[in-house]
Structures are given as C-alpha cells and as structure tokens.
Protein chains: 2
Amino acid sequence: MGKKSKVSMAVIRRLPKYYRYLGELLDRDIKRISSQQLSELTGFTASQIRQDLNNFGGFGQQGYGYNVEELHKQLGKILGLQKTYKTIIVGAGNLGQAIAHYRGFQREGFKMLALFDINPRLIGLKLWDIEIKDVETLEDFIKENEVDIGVICTPKEVSQEIADKLVKSGIKAIWNFAPTDLKVSKDVVVENVHLNESLFTLSYLLKEKLKKDEE
Amino acid sequence: MGKKSKVSMAVIRRLPKYYRYLGELLDRDIKRISSQQLSELTGFTASQIRQDLNNFGGFGQQGYGYNVEELHKQLGKILGLQKTYKTIIVGAGNLGQAIAHYRGFQREGFKMLALFDINPRLIGLKLWDIEIKDVETLEDFIKENEVDIGVICTPKEVSQEIADKLVKSGIKAIWNFAPTDLKVSKDVVVENVHLNESLFTLSYLLKEKLKKDEE
DNA sequence: CCAATGTGGTAATTTTTTTTACAAATTATT
DNA sequence: AATAATTTGTAAAAAAAATTACCACATTGG
C-alpha cells in the first residue's frame with residue numbers, strides 16, 4: 001500500500017545517533033528531553049531533529065518535549081531493532097573476530113551464529129560460543145538456519161564471490177567491510193564500511209588543517 | 001593566503017572512491033578514462049564527477065577524457081597520500097590488530113609505529129614488527145616520535161580520556177572507532193567509524209525492504 | 001586537411017536539504 | 001485562575017547539492 005513518501009538517506013543516517021544518545025539518557029534516568037537539549041548533545045540543530053522525528057510521527061508534546069523512554073523505544077522500532085537478526089560473518093580474521101565478539105551488537109538483537117573461513121587452522125575453533133566453520137558449508141548453513149544478515153570480512157579478491165553465495169542462499173542484507181562495491185540484485189540491501197575511504201578522508205582533512213596552520 | 005572556497009564535505013567523501021577506481025584502472029593498464037566511463041564504474045553521474053574534480057583543477061582534456069595515471073596521482077596528492085603519516089593505535093584488541101595488520105594502509109603511507117594497551121598480557125608482544133606497548137607510555141611515545149595520527153580502538157568508556165591524551169601530546173588527527181562523539185579542541189580533526197550506526201542503518205534498510213516485500 | 005564525434009568545463013536550472021519563523025498546545029509560576 | 005515561559009509540529013524561506021544543457025576544444029577517421 002502507498003507509503004506516504006520515502007524518507008531521505010540523510011535523515012536515516014542520523015537516526016542511529018539519536019538512538020544512541022537517547023539510550024545514554026535512559027541509563028542516566030533522565031525522563032524528558034527537548035529538541036533543544038538533544039541538539040546540544042548531538043550537534044544537529046533542534047529544528048532538524050524535530051523535522052527528522054516527524055517523518056515517523058509526532059513523538060513529542062508541546063511545552064514538554066520528548067519522553068526519553070518512549071522516544072528511545074520508538075526509534076528502536078523505526079530502526080528495526082525490536083526483532084532478532086540471525087547473523088553470520090564470513091572471514092574469521094581479526095576484523096571478523098572483532099565483530100563477532102562485540103557485545104553491543106548482540107545486545108541489540110544481532111545474534112552471531114557462526115564465522116566462516118577458508119583457513120584450515122581456524123576451522124573448528126570456537127570463539128566464546130561462536131564456531132568457525134568451513135566456508136564450503138556456508139550456503140547450506142544459511143539455508144538451514146534462515147540467516148538474515150551476512151557480514152563480509154574477507155580480502156577484496158573474494159568479496160564478490162562471497163556476496164554472490166550469500167545472495168544465492170537467500171540473504172537479504174549484507175554488511176560489507178571489503179574495499180569494493182558489491183554487485184547484488186536489487187532486492188538485497190548492502191551497507192558498506194569502507195575503512196580506506198574513511199582513513200583517506202581523515203588524511204585530506206589533516207592535510208587541509210596543516211595547510212591552514214602554515215598561513 | 002585566501003583559498004578560493006571551501007570544498008564541501010559531500011565532495012570530499014567521494015574523492016577516495018575515485019582514487020580507488022583509478023587505482024584499479026591503473027593496475028589494469030588502462031591509460032585513459034572519460035567521466036562517462038567513470039560514472040558507470042562508480043555510480044555517480046558523469047557531470048557530478050566532472051564538477052567534483054573541477055574543485056581542484058582541470059585534470060581532463062576535452063575530446064580525450066582523463067589520463068588515468070595522472071588523475072590517480074593528482075587525487076593522491078589532494079587526499080594527502082603523497083606523504084607518510086606516523087600512526088599509532090590505542091587498544092590492541094581484535095579491531096586494533098586488524099587495523100595494524102592491514103597492508104592497504106601501510107601501502108598508502110600510513111606507517112603503523114606501535115599499538116598501546118592496558119592489558120599486561122598483551123604488553124610486550126610483537127605483531128609482525130609492531131610492538132604492543134603499555135598505554136602508560138603513550139604520551140611520551142607520541143612526543144618523542146612526532147606521531148601524526150592516533151587510532152582509538154578502545155572501549156567507549158575510556159575513549160574520551162585517550163583522546164584527551166592524544167591531543168595533549170600534540171596529535172592533530174584522530175581516527176575514532178569507539179561509539180562516541182569525542183570532544184576535542186577545534187584544531188584537531190576527527191574521523192569517526194561508528195559501526196553501530198552503520199549496522200543500525202542496515203537494519204533499517206532491511207526492515208523497509210521486508211515491509212515492501214509484504215505489500 | 002576537414003568534418004564528425006567525443007569530451008571536459010561550467011553556467012543555469014532543478015531538486016534536496018537545512019534553517020528560519022511562528023501558531024498551537026502544554027507546562028510552570030504567581 | 002490567569003499569565004508567562006516552553007516547546008513541538010510544520011510552513012515558508014534559504015542554502016546546498018545534483019542535474020541539465022551547452023560551448024569550446026581535442027581527437028579520430030576519412
């Protein structure tokens with residue numbers, strides 16, 4: 001049925017930050033917050049925050065502000081964090097292991113089922129309670145376990161091949177850490193973490209900063 | 001002296017991608033490329049690419065396009081990749097180790113000098129030729145070695161404290177992997193890699209995708 | 001050497017995003 | 001209870017970013 005209008009990517013990428021600050025406020029037992037206060041925390045303007053939130057509904061109340069617990073809950077719902085996602089990681093190097101171990105993801109419902117690697121020395125090892133499996137068994141595992149999300153932590157040379165297997169096995173979301181742009185069918189969502197691009201951006205900003213200092 | 005006008009962040013964040021694709025073309029021994037072809041590779045429009053590049057100079061030639069080697073070199077220069085950056089990593093867990101090991105960064109001039117950690121079991125270990133040092137020695141090391149970039153791979157609880165030490169010791173660029181917004185003086189540049197925000201964005205997109213499939 | 005084609009640079013336009021402004025509703029204060 | 005102070009939701013305006021359009025120039029092919 002006709003959704004009103006698509007929310008812009010610019011808005012969507014701000015939501016997780018709101019969610020994070022709301023979570024911190026919740027931990028500190030703060031009950032209410034105004035867009036003005038949220039602006040001071042996040043660095044976005046108060047007006048932008050109000051407009052962003054209004055894309056999804058009127059969660060605030062004039063003269064009062066937003067109820068922290070309620071808004072946090074609503075943002076979680078908007079972000080899809082109320083359900084559990086079955087997640088696997090391909091590539092059990094340091095990066096894959098780092099993600100597997102990170103408690104924050106598990107806490108928000110991303111259940112790490114298994115790691116996959118091609119290295120015989122790693123296959124069979126258990127990290128905490130997550131097993132490293134043979135990448136040969138990847139496709140069967142995804143189908144049997146109805147995996148939702150695949151994380152690619154492999155070298156770039158094999159990342160497309162892995163992506164193809166993930167998609168073929170029915171995965172609908174890929175979190176890609178390889179420095180490539182994956183080609184996938186249009187019904188699969190991909191979120192890239194391109195560390196090289198991030199570092200090069202930092203390099204640019206540092207260079208400009210130093211240049212300005214010279215003047 | 002007066003720079004013409006500040007280049008927008010939107011443009012800057014596209015540059016590393018251009019640089020990456022140019023590098024691939026260079027490896028494939030392709031000599032020339034038009035904005036149209038680059039558009040097909042990167043997914044940006046040809047016009048946008050031309051406009052982006054023109055912020056920094058006219059690197060192309062009408063009727064010919066861009067010389068791959070030359071443009072790659074120029075982009076490297078714009079991004080500040082022609083020089084070497086002395087880099088340290090604070091937090092020698094899986095993530096810190098992953099970054100320390102990644103050859104791609106070293107190749108572009110980011111020289112990883114050392115890792116720092118608080119864990120006595122890690123201190124003194126050598127990963128390849130990079131030593132894990134006591135975080136107590138962090139500030140002295142930075143001053144003695146004139147470190148350019150600090151990478152924060154610690155838990156969020158100590159990330160601000162580490163950032164303060166980095167800044168105090170003279171570091172001008174921070175690559176932050178902790179899920180926090182660091183407060184630093186205005187003459188320090190910070191680039192965040194907020195993995196939680198990235199994953200939550202993926203979660204949002206997956207949720208929307210599934211919702212649309214139901215309709 | 002000439003014409004046809006390809007292509008970058010850039011101005012003009014359109015679209016998107018952000019900011020400003022303010023009415024309506026609520027809470028706090030006296 | 002009345003008034004003042006907050007604060008949201010949203011319309012309007014402004015700013016930023018992306019697209020379109022086109023000229024000038026270079027290359028290519030005859």
Side-chain angles (χ1 to χ4, degrees), chain A residues 3-18 21-22 25 30-75 78 197 201 204-205, chain B residues 3-19 21-22 25 30-75 78 197 201 204:
Chain A
K3 263 283 287 306
K4 245 162 282 179
S5 58
K6 212 169 106 281
V7 178
S8 88
M9 210 55 194
V11 173
I12 294 162
R13 291 211 174 272
R14 284 191 291 264
L15 299 180
K17 193 154 164 176
Y18 299 145
Y21 278 101
L22 267 297
L25 292 168
I30 292 167
K31 302 294 185 207
R32 57 184 273 195
I33 187 130
S34 68
S35 58
Q36 182 54 48
Q37 294 170 303
L38 213 38
S39 161
E40 283 152 25
L41 284 174
T42 61
F44 303 128
T45 66
S47 149
Q48 188 167 51
I49 292 169
R50 293 202 299 275
Q51 266 192 345
D52 284 354
L53 296 176
N54 255 86
N55 280 288
F56 303 96
F59 304 120
Q61 192 163 31
Q62 285 131 318
Y64 178 87
Y66 299 88
N67 178 296
V68 170
E69 188 173 353
E70 173 67 11
L71 184 55
H72 183 261
K73 200 178 83 186
Q74 291 294 334
L75 279 168
I78 290 163
E197 296 184 8
T201 300
Y204 174 90
L205 296 173
Chain B
K3 265 284 285 307
K4 246 163 280 180
S5 57
K6 212 168 107 282
V7 179
S8 87
M9 210 55 195
V11 173
I12 293 163
R13 292 212 174 271
R14 284 191 291 266
L15 299 180
K17 193 155 165 176
Y18 300 145
Y19 183 75
Y21 276 102
L22 267 296
L25 292 167
I30 292 168
K31 302 294 185 208
R32 56 184 275 194
I33 186 128
S34 67
S35 59
Q36 182 54 50
Q37 295 169 303
L38 213 38
S39 160
E40 283 153 24
L41 284 174
T42 61
F44 304 127
T45 67
S47 152
Q48 188 167 50
I49 292 169
R50 294 202 298 276
Q51 267 194 345
D52 284 355
L53 296 176
N54 256 87
N55 280 289
F56 303 96
F59 305 121
Q61 193 162 33
Q62 285 133 321
Y64 179 87
Y66 299 89
N67 178 296
V68 171
E69 190 174 352
E70 173 66 12
L71 184 55
H72 183 261
K73 199 178 81 186
Q74 290 296 334
L75 279 168
I78 291 163
E197 296 183 6
T201 301
Y204 175 91

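Residue numbering restarts at 1 for every chain, and letters A, B, ... go by the order of the sequence lines. Side chains are part of it too, since the values below use all heavy atoms of this structure and drop only hydrogens, waters and symmetry mates.
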Looking only at side-chain N and O atoms, does [X] come under 4.0 Å of OP1 or OP2 in [N]?
X: B:Ser35; N: C:dG8; result: yes
X: B:Gln61; N: C:dG8; result: no
X: B:Thr45; N: D:dT19; result: yes
X: A:Ser8; N: C:dT17; result: yes

Euclidean distance, atom [atom1] of residue [X] to atom [atom2] of [N] [Å, nearest integer]:
X: B:Tyr66; N: C:dG6; atom1: OH; atom2: P; answer: 17 Å
X: A:Ile49; N: D:dT10; atom1: CD1; atom2: C1'; answer: 16 Å
X: A:Gln48; N: D:dA16; atom1: CD; atom2: C1'; answer: 13 Å
X: B:Met9; N: D:dA15; atom1: CE; atom2: C1'; answer: 19 Å

Query raised in the report: Which word best sums up how the rings of A:Tyr204 and B:Phe56 line up, parallel for under 30°, tilted for 30 to 60°, or perpendicular for over 60°?
Result: perpendicular
Report task. Take B:Lys17 and A:Glu197 through the side-chain contact (heavy atoms from CB on, under 4.5 Å) test and state the conclusion after the steps. Result -> CA-CA 7 Å; B:Lys17 193 155 165 176; A:Glu197 296 184 8; 3.8 Å; yes
Report task. Decide yes or no, distance alone: a donor-acceptor N/O pair under 3.5 angstrom between the base of C:dT20 and the side-chain of A:Ser47. Result ->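 Side chain to base: pair found, below 3.5 Å.
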Report task. Say whether, by atom type as modelled, one donor and one acceptor occur between the side chain of A:Glu40 and the main chain of A:Gln37 under 3.5 angstrom. Result -> no
Any idea which of [options] is nearest the [X] side chain?
X: A:Gln51; options: D:dA12, D:dT8, C:dT7; answer: D:dA12
X: B:Arg32; options: D:dT28, C:dT27, D:dT7; answer: D:dT28
X: A:Asn54; options: C:dG6, D:dT10, D:dA18; answer: D:dT10
X: A:Gln62; options: C:dG9, C:dA25, D:dT10; answer: C:dA25
X: B:Arg50; options: C:dT7, C:dT10, C:dT18; answer: C:dT10

Query raised in the report: Is the shortest heavy-atom distance from the side chain of A:Leu22 to the side chain of A:Tyr66 under 4.5 Å?
Result: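 With C-beta onward as the side chain, the pair stays apart.
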Query raised in the report: At what distance, to the nearest 0.5 angstrom, does CG of B:Leu75 lie from OH of B:Tyr18?
Result: 9.0 Å
